[in-house]
Amino acid sequence: SRSLPAYTNGWFIIGASRDIKPGQVVNIDKWGENIALFRGKDGVLYALEAYCAHMGANIAIEGKVKNDNCLQCPFHGWTYSGQTG
């Protein structure tokens with residue numbers, strides 16, 4: 001089996017946009033990385049690193065979409081903008 005190169009040299013499909021509804025959060029586990037993929041209440045699809053800066057929790061697991069385009073950590077309520085992280 002071939003492994004991915006040590007650097008990004010293209011685009012990789014992680015899912016279909018049409019499958020993620022407004023307010024839905026999905027944990028993507030690919031190539032040893034976890035990505036929080038969510039569609040904001042504004043209808044835009046966002047992708048963030050899945051780990052909360054506070055305690056390292058995976059915000060894609062039971063995280064909630066707040067304030068149109070933010071993802072809230074389920075443990076201590078820290079929120080992350082889909083636009084700026």
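Along the sequence shown, residues carry numbers from 1.
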To the nearest 0.5 Å, atom SG of C70 lies from atom NZ of K64 at 15.5 Å
What's the separation between atom OG in S81 and atom NZ in K66, rounded to the nearest 0.5 Å?
15.5 Å
Side-chain contact, heavy-atom cut-off 4.5 Å: W78 with Q72?
no
Looking only at non-hydrogen atoms, find the nearest pair between A36 and A50 and report the distance.
N-CB, 3.7 Å
Between V25 and V65, is there a side-chain heavy-atom distance shorter than 4.5 Å?
yes
Looking only at heavy atoms, which two atoms of C52 and Y80 are closest? And how far apart?
SG-OH, 3.1 Å
Once rounded to the nearest 0.5 Å, what's the spacing between atom CG of D42 and atom CD of Q83?
7.0 Å
Do the non-hydrogen side-chain atoms of N34 and N27 ever get within less than 4.5 Å of each other?
yes
Non-hydrogen side-chain atoms of V44 and N69 separated by less than 4.5 Å:
no
Hey, does F38 have a side-chain heavy atom less than 4.5 Å from the side chain of I59?
no
With no hydrogens and no angle check, do the side chains of Y51 and N58 hold a donor and an acceptor under 3.5 Å apart?
no
Walk me through it: do L45 and I20 pass the test side chain to side chain contact (heavy atoms under 4.5 Å, CB included)?
CA-CA 8 Å; L45 188 63; I20 301 180; 4.0 Å; yes
Side chain to side chain, I35 and L48, heavy atoms closer than 4.5 Å
no
Measure the spacing between CG of L37 and CD of Q24 and express it to the nearest 0.5 Å.
9.0 Å
Does some side-chain heavy atom of K21 sit less than 4.5 Å from a side-chain heavy atom of R39?
no
